[in-house]
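Start at 1 and go down the list; that is how both ligands and their atoms are numbered.
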Amino acid sequence: MQSYWVIMMDGSSSRFYLPRIENTGAEYKQFQFGAGENHFQILSPASRHAEIMFCYSGDHSIIQLLLLTDALKRHGAEVIDLYIPYFPGARQDRVCNQGEALSVKVYADIINQQDFNRVFIFDPHSDVTAAVLNKSQIVKNHQLIKQVIAEIAEEVVLISPDAGSNKKIFELSVQLGGLEVIRADKVRDVSNGRIIDTEVYCDHLGGKTCVIIDDICAGGRTFMELAKKLKAKNAGRIILIVSHYEGVASEGDLRASGIDAVFTTNSLKNMISTDFINVKDIWSFMPLQGESK
Ligand SMILES: O=P(O)(O)OC[C@H]1O[C@@H](O)[C@H](O)[C@@H]1O
């Protein structure tokens with residue numbers, strides 16, 4: 001009999017679903033009252049060790065996670081591991097402007113209060129998440145990048161877009177057998193988020209395929225500005241690989257900037273791959289401990 005109870009929250013709709021219900025026997029009921037509160041009920045006792053796969057899909061989903069966790073604890077779960085690929089607030093890891101909240105700490109405090117056994121996160125924005133989140137286990141993006149580069153099957157150079165990614169790129173390059181790295185930097189006006197300048201630290205790219213690697217694509221401006229600069233330095237094909245994808249960047253603008261393809265995961269959204277955006281299943285890069293037993 002399986003000792004782990006696997007519960008998955010669907011990133012796109014905040015509904016809960018149990019992917020292998022026949023193995024787990026888990027049943028639940030969840031709905032929202034007219035006033036807006038969520039309700040969650042476990043219909044069969046939880047196993048002692050539970051694993052929750054949680055795709056953040058807005059702050060509303062955090063409350064659902066808390067209710068599910070409470071229900072599990074009250075009905076038999078003593079040890080709960082949380083898999084939360086995209087950690088909310090990870091990008092707001094410092095107070096840039098007077099009066100702002102330190103978001104990553106606020107979200108981390110809520111999760112810390114639940115006293116999870118372990119909290120697995122996928123490629124967070126910076127080291128600050130692991131510093132403020134108790135019992136966190138960081139899953140790096142290495143397997144994702146390795147898989148995509150193998151698929152591209154071309155000789156590539158890795159492009160690191162800014163100071164944050166410059167801290168991670170050399171370890172990744174070593175993991176990939178010492179691929180060439182070219183660093184870039186961007187200057188952002190933190191008062192409005194606008195990118196003022198992008199600099200690429202090389203003279204000529206000689207037609208090489210450039211693979212830009214970062215944690216997240218939001219509006220996409222970072223990568224559009226960078227791609228234009230890379231093209232001006234004679235880049236060949238430009239591929240963008242990001243661990244998390246908000247889905248708000250204009251595909252037309254990304255293409256127009258010179259980006260040929262985007263590779264990402266469904267950590268934030270249940271997206272379907274197109275001829276431009278290739279979506280990998282996040283759970284293939286963060287295997288559940290229960291499944292490996
Ligand atoms: O330029 P957009 O896509 O809006 O923002 C994404 C960038 O902003 C940073 O937080 C990320 O690490 C990434 O470099």
Side-chain atoms of residues 251-260: list all donor-acceptor pairs with protein atoms under 3.5 Å, sequence neighbours left out, distances to 0.1 Å.
| residue | atom | partner | partner atom | Å |
| --- | --- | --- | --- | --- |
| E251 | OE2 | R255 | NE | 3.4 |
| E251 | OE2 | R255 | NH2 | 3.0 |
| R255 | NH2 | D275 | OD1 | 3.3 |
| S257 | OG | L254 | O | 2.6 |
| D260 | OD2 | I238 | N | 2.8 |

(Q) For I182, run the side chain to side chain contact (heavy atoms under 4.5 Å, CB included) check against I169, I159, I212, L230 and tell me which one passes. (A) I159
**Q.** 4.0 Å heavy-atom contact, G220 with ligand 1
**A.** yes
Q.
Heavy atoms only: which of D215, L226, I195, D162 lies closest to atom 11 (C) of ligand 1?
A. D215
Q: Distance to 0.1 Å, residue and atom name: give those for the protein heavy atom nearest to atom 9 (C) of ligand 1.
A: H125 CE1, 3.7 Å
Q.
Would the distance check show the side chain of S160 and the main-chain N or O of R183 forming a donor-acceptor pair, the cut-off being under 3.5 Å?
A. no
Q: Using the salt bridge (Lys or Arg N to Asp or Glu O under 4.0 Å) rule, take K186 and E225 through it: C-alpha gap first, then chi angles, then the decisive distance, then the call.
A: CA-CA 9 Å; K186 69 176 179 224; E225 297 303 321; over 6 Å; no
Q: Return yes when M224 approaches ligand 1 closer than 4.0 angstrom through a heavy atom, no otherwise.
A: no
Q: Report the part of E246 (side chain from C-beta onward, or backbone N, CA, C, O) that has a heavy atom under 4.0 Å from ligand 1; answer both or neither where that applies.
A: neither
Q | Test: D81 and R118 ion pair at under 4.0 Å | A | yes
Q: Can you sort out which atoms of ligand 1 are near F223, meaning under 4.0 Å from one of its heavy atoms?
A: 3 (O)
(Q) Please tell me whether L240 and I152 are part of a single hydrophobic cluster in this structure, the criterion being side-chain heavy atoms less than 4.5 Å apart. (A) no
Q) In the protein, which heavy atom is nearest to atom 6 (C) of ligand 1, and how far is it? A) I216 O, 3.4 Å
Q.
Looking at ligand 1, would R188 count as a contact under a 4.0 Å heavy-atom criterion?
A. yes
Q) Do E171 and H142 have side chains that get closer than 4.5 Å, going by heavy atoms? A) yes
Q.
For G164, state whether at least one heavy atom is located under 4.0 Å from any atom of ligand 1.
A. no
Q. Just which atoms of ligand 1 are under 4.0 Å from any heavy atom in C217?
A. 3 (O)
Q) Under a 4.0 Å N-O cut-off, is there an ion pair linking D197 with K229? A) yes
Q. If you measure from atom 7 (C) of ligand 1 to every heavy atom of I212, T222, L254, which option wins on shortest distance?
A. T222
Q) Nearest protein heavy-atom contact for atom 13 (C) of ligand 1: which residue, which atom, what distance? A) D214 OD2, 3.2 Å
Q. Tell me: protein heavy atom nearest atom 4 (O) of ligand 1, and distance?
A. G219 N, 2.9 Å
